[in-house]
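Structure record follows, encoded as structure tokens.
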Amino acid sequence: MATKRTGAGKSGGRDSSILAKIANHEIVNQGRRAACDAVYVSKKLLRSTGKAAWIAGSSFLILVVPLLIQAERDQMLGEIEFQQANLLGPPPPAML
């Protein structure tokens, strides 16, 4: 008959009771609570950061993009007027 070995495996003897004591220790429980709290805070932070990014992006599209388009139009109009002035030459002297 085979001999039974104790204390050499995962289920052997005192090893499981030591692991149970460590797992149920107050310091381990505090660490678990701290980790759970950190996860909760980081999820809320990501959620609020996403909302802030959405608000900033929408505001940029509504407020800044039309200003950029208008500035581009004004610049193009100035360039066209400059080209026309170069083609037509200086304005004639006014007759008084």
Side-chain angles (χ1 to χ4, degrees):
M1 189 178 260
T3 60
K4 190 173 182 181
R5 293 172 29 183
T6 59
K10 288 183 180 177
S11 63
R14 293 179 29 193
D15 289 342
S16 62
S17 65
I18 291 173
L19 290 176
K21 286 180 183 179
I22 291 172
N24 293 329
H25 199 273
E26 183 62 28
I27 294 174
V28 174
N29 289 333
Q30 287 177 354
R32 283 186 190 142
R33 276 184 292 214
C36 289
D37 291 344
V39 168
Y40 174 75
V41 168
S42 62
K43 281 183 180 181
K44 280 199 82 108
L45 181 65
L46 285 174
R47 214 174 281 137
S48 64
T49 302
K51 288 178 184 177
W54 175 260
I55 291 170
S58 300
S59 300
F60 180 79
L61 287 175
I62 292 170
L63 299 173
V64 177
V65 170
L67 292 174
L68 294 175
I69 292 172
Q70 187 62 38
E72 182 69 25
R73 284 183 186 166
D74 291 342
Q75 182 182 3
M76 289 177 67
L77 183 62
E79 289 175 3
I80 290 172
E81 288 176 352
F82 180 72
Q83 288 174 356
Q84 286 178 351
N86 283 340
L87 291 174
L88 297 175
M95 296 179 77
L96 294 174

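Position 1 is the first residue of the sequence, and the numbers go up from there.
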ask   = Between the main-chain N or O of A56 and the side-chain N or O of S59, is there a donor-acceptor pair closer than 3.5 Å?
value = no

key: Verdict with supporting geometry, M76 and R73, side chain to side chain contact (heavy atoms under 4.5 Å, CB included)   = CA-CA 5 Å; M76 289 177 67; R73 284 183 186 166; 5.8 Å; no

query = Are the side chains of Q84 and L87 in touch, meaning some heavy atoms are under 4.5 Å apart?
reply = no

request  = Apply side chain to side chain contact (heavy atoms under 4.5 Å, CB included) to the pair N29 and R32, showing each step before the final yes or no.
outcome  = CA-CA 5 Å; N29 289 333; R32 283 186 190 142; 3.4 Å; yes

task = Working to the nearest 0.5 Å, report the span between CZ of R33 and CD of Q30.
result = 5.5 Å

request  = May I ask you to check whether over 12 heavy atoms, not counting those of I27, lie within 6.0 Å of atom CD1?
outcome  = no

message = Do I69 and L61 sit in one hydrophobic cluster, given that two such residues count as connected whenever their side-chain heavy atoms are within less than 4.5 Å of each other, even indirectly?
response = yes

task = Output all residues satisfying side-chain hydrogen bond (donor to acceptor under 3.5 Å, both in side chains) with R47, sequence neighbours left out; order by chain, then residue number.
result = none

